[in-house]
Structure formats: structure tokens, C-alpha cells
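In what follows, residues are counted from 1 in the order of the sequence shown.
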Amino acid sequence: MKPTKKLGIWMDHSIAYLMEFTSNPFEIKTIESKFTHLKKMDALTKSESLMHNKEQQQLSSYYKKLGEVIKDYKRVLLFGPTNAKTELFDILSEDERFAKIKIEIKETDKMTANQKDAFVKSYFSRA
């Protein structure tokens, strides 16, 4: 029986660090949102409504990319300092393709790469 594929994702609204839980050292991949602070300020100078629409489109694309990665795993841990993880969880919960994936959310602060690595190892080691 092959081991369950497990993935830890530290995320906020601008970037996600993806760490697959394996016995080997982690390889950290990133997915970045295209909605940067600069784009936000540019859109805001035109109109607040435009800025919100642009932000929603960019976040939707960002969450879609994360969903494409998550669908290949059996257990996923979403963690980080903002509500981005909860927004992603809500989107995934409405999609039946993710019904058999155990997705959990944990609130954390900003972390260094080593702290993220240790957090994911600790979480999946006891689970």
C-alpha cells in the first residue's frame, strides 16, 4: 500500500508555499498571486470598484491554481496568518472533486522556511 500523499500549504493572499510531506527533505514550491500591491494601488487610483473586481479575478485565478495542485493529494494542511486559507477552503468545499480530500486549517503567524518545514513535519507526524 503506498503512503497517503500529504501536502502542507503556508499561504496568504499573495503567495503560497507548497510542501509535500515525505521522508526526504522538503522541496518547497511556490504559487504567487498576480494581484500585487502595485496593481492594487494602480487600480485604486482609477476606481475602488475596479480594484475590487480586479482583486477578485486575480484571487480566483490564484485559488484555481492551488486547487489544481491539491486535487492530487489525500490530506492537505492549509496554514498561515491571513484568511486566504479559509477563503480557499470554502471554494474547495463547494467542489465535489475535493470531497474525498481531508483538508484542515491552522492559524499561524509569518514563519521562516525552517519553521514552515518543522510545522508540516510535526503536524503530519502525529496525524
*Asks:* Provide the closest heavy-atom pair for D117 versus M19 in the form atom of the first, atom of the second, distance.
*Replies:*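 Result for this residue pair: N-SD, 4.2 Å.
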*Asks:* Identify the heavy atoms of A16 and M11 that sit nearest to each other, and give their distance.
*Replies:*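 That would be CB-CB, 3.9 Å.
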*Asks:* side-chain contact (heavy atoms from CB on, under 4.5 Å) with Q115: which residues, sequence neighbours excluded?
*Replies:*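 Testing Q115 for side-chain contact (heavy atoms from CB on, under 4.5 Å), a comparison that skips the adjacent residues, returns M111, T112.
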*Asks:* Which residues satisfy the salt bridge (Lys or Arg N to Asp or Glu O under 4.0 Å) test with K64, sequence neighbours excluded?
*Replies:*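 K64 satisfies salt bridge (Lys or Arg N to Asp or Glu O under 4.0 Å) with no other residue.
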*Asks:* Mind listing the closest non-hydrogen atom pair of Y62 and I31 along with its distance?
*Replies:*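 Closest pair (atom of Y62, atom of I31, distance): CE1-O, 3.5 Å.
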*Asks:* For residues G8 and F124, report the shortest heavy-atom separation together with the two atoms involved.
*Replies:*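 In terms of heavy atoms, the two residues are closest at N-CE1, 4.0 Å.
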*Asks:* Write down the atom of H13, the atom of S33, and the distance for their closest heavy-atom approach.
*Replies:*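 Smallest heavy-atom distance, with atoms named: O-CB, 3.2 Å.
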*Asks:* Could you pull out all residues at least two apart from K106 that satisfy salt bridge (Lys or Arg N to Asp or Glu O under 4.0 Å)?
*Replies:*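 Applying salt bridge (Lys or Arg N to Asp or Glu O under 4.0 Å) to K106 gives none.
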*Asks:* Using a strict threshold of under 4.0 Å (side-chain N to carboxylate O), is an ion pair present between K102 and E104?
*Replies:*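 Salt bridge present between E104 and K102.
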*Asks:* Is a donor on one side and an acceptor on the other found under 3.5 Å between the side chain of S93 and the backbone of F89?
*Replies:*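 Checked: pair present.
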*Asks:* Kindly write out the residues that satisfy ring-ring contact (aromatic ring centres under 6.0 Å, His included) with Y17, not counting sequence neighbours, or none if the list is empty.
*Replies:*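 Expected list: W10.
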*Asks:* Return the set of residues passing ring-ring contact (aromatic ring centres under 6.0 Å, His included) with F119 (not counting sequence neighbours), or none when no residue passes.
*Replies:*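 Partners of F119 under the ring-ring contact (aromatic ring centres under 6.0 Å, His included) test: F79.
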*Asks:* Restricting to non-hydrogen atoms, name the atom on I101 and the atom on K71 that form the minimum distance, rounded to 0.1 Å.
*Replies:*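 The answer is CD1-CA, 3.8 Å.
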*Asks:* Among residues at least two apart in sequence or on other chains, which ones pass salt bridge (Lys or Arg N to Asp or Glu O under 4.0 Å) with D95?
*Replies:*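 R97.
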*Asks:* Flag the pair T30 / L18 as yes when at least one side-chain heavy-atom distance between them is below 4.5 Å, and no otherwise.
*Replies:*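 Heavy-atom side-chain distance check fails, nothing below 4.5 Å.
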*Asks:* Ignoring hydrogens and angles, state whether a donor on the side chain of E20 or Y73 is under 3.5 Å from an acceptor on the partner side chain.
*Replies:*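 E20 vs Y73: donor-acceptor pair found between side chains.
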